[in-house]
Amino acid sequence: MDNFSPSIRSWFRLNHRRLPWRGSKDPYIIWLSEIILQQTRVEQGKPYFQRFTDHFPDIQSLANASEQEVLNLWQGLGYYSRARNLHATAKHISENLNACFPNSYRELLKLKGVGPYTAAAISSIAFDEKAAVVDGNVYRVLSRVFDIATPIDSTQGKKEFQQLADELITDEDPGDHNQAIMELGATICTPSNPDCGHCPLNDKCLAYARGVISARPVKQGKTKTRDRYFHYLVFDNDAETIIVKRTEKDIWQHLFQFPLLEGESIEELLPNGFHSVSPTIKHILSHQRIYARFYHYNFIPELDDSWKKIKWSDIEDHPLPALIDKYLESVRAEN
DNA sequence: AATACGGGGAT
DNA sequence: ATCCCAGTATT
């Protein structure tokens with residue numbers, strides 16, 4: 001399809017959303033926005049982008065920060081390895097690459113937290129390299145326009161869609177081309193109720209012509225969830241509390257939380273004398289359900305080395321999982 | 001080739 | 001309740 005790229009690019013010029021990172025060619029800004037937007041909706045990422053650019057206007061300031069500081073700003077956004085990799089990569093570029101941002105797809109791909117999508121996004125937008133992005137939007141748009149039924153979460157599918165995207169991108173404005181497909185997927189060619197009437201590709205969209213839009217893209221994935229039961233012990237003497245840092249290879253790595261007992265049966269886990277002062281909080285994540293319960297105990301016990309006693313007023317300086325943060329909010333609201 | 005990794009919004 | 005989001009790293 002020879003006029004694919006011109007069609008979407010001219011549509012994009014007239015219809016794109018105004019976003020805080022748009023218009024910048026600074027690889028640091030593009031990189032930062034792309035990391036934040038991985039598996040994250042634009043609206044959810046926006047305030048975080050603002051916070052990060054406020055605190056860290058350039059890569060040097062980010063490299064000079066502590067990991068805890070970075071995680072604290074990331075708090076609530078999820079996929080915290082993105083924040084740890086972001087910080088590590090900033091330090092790496094600052095210390096080993098002479099503060100010079102890698103400027104090609106190949107070199108970008110070597111950075112922690114930068115995969116094929118992000119490397120293509122940065123190199124095309126910041127350096128005008130002809131590298132095609134393939135993200136959730138691209139899968140959807142291409143599977144519909146070309147009516148491709150290969151599952152997008154299969155190895156074959158990834159290969160096929162990347163190859164097609166590579167053929168469609170042009171030498172002219174590869175960055176705009178990439179952003180145009182994604183913008184189309186985000187605003188017109190949406191998962192449900194796509195606005196085909198206003199789509200610049202509706203005259204050549206095969207799935208549209210065949211009436212199979214809702215059947216594209218095809219996904220084989222079975223998202224299985226598992227249940228986990230978290231019982232938090234809040235040692236609470238009004239002035240101080242105890243928190244521990246999660247270090248094991250699991251969710252919320254490097255984040256702080258109250259000491260935790262994990263297991264289904266409350267009775268078997270909970271020591272005598274503890275009592276619940278809050279209702280059970282059920283938290284649903286994409287791939288696991290976390291049932292959390294908080295037990296207050298007004299006594300600070302002898303501490304293990306891994307435990308940390310802090311003032312209640314200092315707890316906000318520590319990166320906490322969104323779940324804990326919400327719990328603290330509800331407690332404060334009661335008082 | 002599968003699985004782990006968050007949290008929020010839409011349906 | 002399920003799906004999906006401007007995906008990547010690990011197993």
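Proteins get letters first, then strands, A, B, ... in listed order; numbering begins at 1 in each.
With respect to A/Asp250 and A/Arg228, a salt bridge is recorded, a charged nitrogen being found less than 4.0 Å from a carboxylate O. With respect to the salt-bridge test (charged N to carboxylate O, under 4.0 angstrom), the residues A/Glu329 and A/Arg332 do not qualify.
In this structure, A/Arg289 places its CZ atom 10 Å from C1' of C/dT2, rounding to the nearest Å.
Minimum atom distance to the side chain of A/Met182 is reached by C/dA6, of the listed C/dA6, C/dT8, B/dC5. The side chain of A/Trp252 lies closest to B/dG7, out of B/dC5, B/dG7, C/dC5. Comparing B/dG6, C/dC5, C/dT11 against the side chain of A/Lys249 picks out C/dT11 as the nearest. The side chain of A/Asp135 lies closest to C/dA6, out of B/dG6, B/dA2, C/dA6. Side-chain proximity of A/Gln38 to the nucleotides C/dC5, C/dT8, C/dA6 is greatest for C/dT8.
In terms of position along DNA chain B, the nucleotide closest to A/Asp250 lies nearer the 5' end than the nucleotide closest to the other residue of the pair A/Asp250 and A/Ser192. Two residues, A/Gln156 and A/Gly78, neighbour DNA chain B, and the one matched to the more 5' nucleotide by heavy-atom proximity is A/Gln156.
Under the ring-ring contact (aromatic ring centres under 6.0 Å, His included) criterion, A/Tyr232 pairs with A/Phe294, not counting sequence neighbours.
Judged by distance alone with a 3.5 Å cut-off, no donor-acceptor contact links the side chain of A/Tyr117 to the base of C/dG7. A donor N or O paired with an acceptor N or O is found under 3.5 Å between the base of B/dG6 and the side-chain atoms of A/Thr40. You'll find a donor-acceptor pair under 3.5 Å spanning the side chain of A/Arg41 and the base of C/dC4, going by distance alone.
Geometrically, A/Arg51 engages A/Tyr48 in a cation-pi contact defined by less than 6.0 Å to the ring centre and at most 45° from the axis.
Between C/dT8 and B/dG9, the two P atoms lie 24 Å apart (nearest whole Å). Rounded to whole Å, the C1' atom of C/dA6 lies 23 Å from the corresponding atom of B/dT3. Going from the P atom of C/dA9 to that of B/dG8 covers 24 Å, rounded to whole Å.
When A/Gln162, A/Lys158, A/Gln163, A/Gln156 are each tested for a side-chain hydrogen bond (donor to acceptor under 3.5 Å, both in side chains) with A/Glu160, only one passes: A/Gln156.
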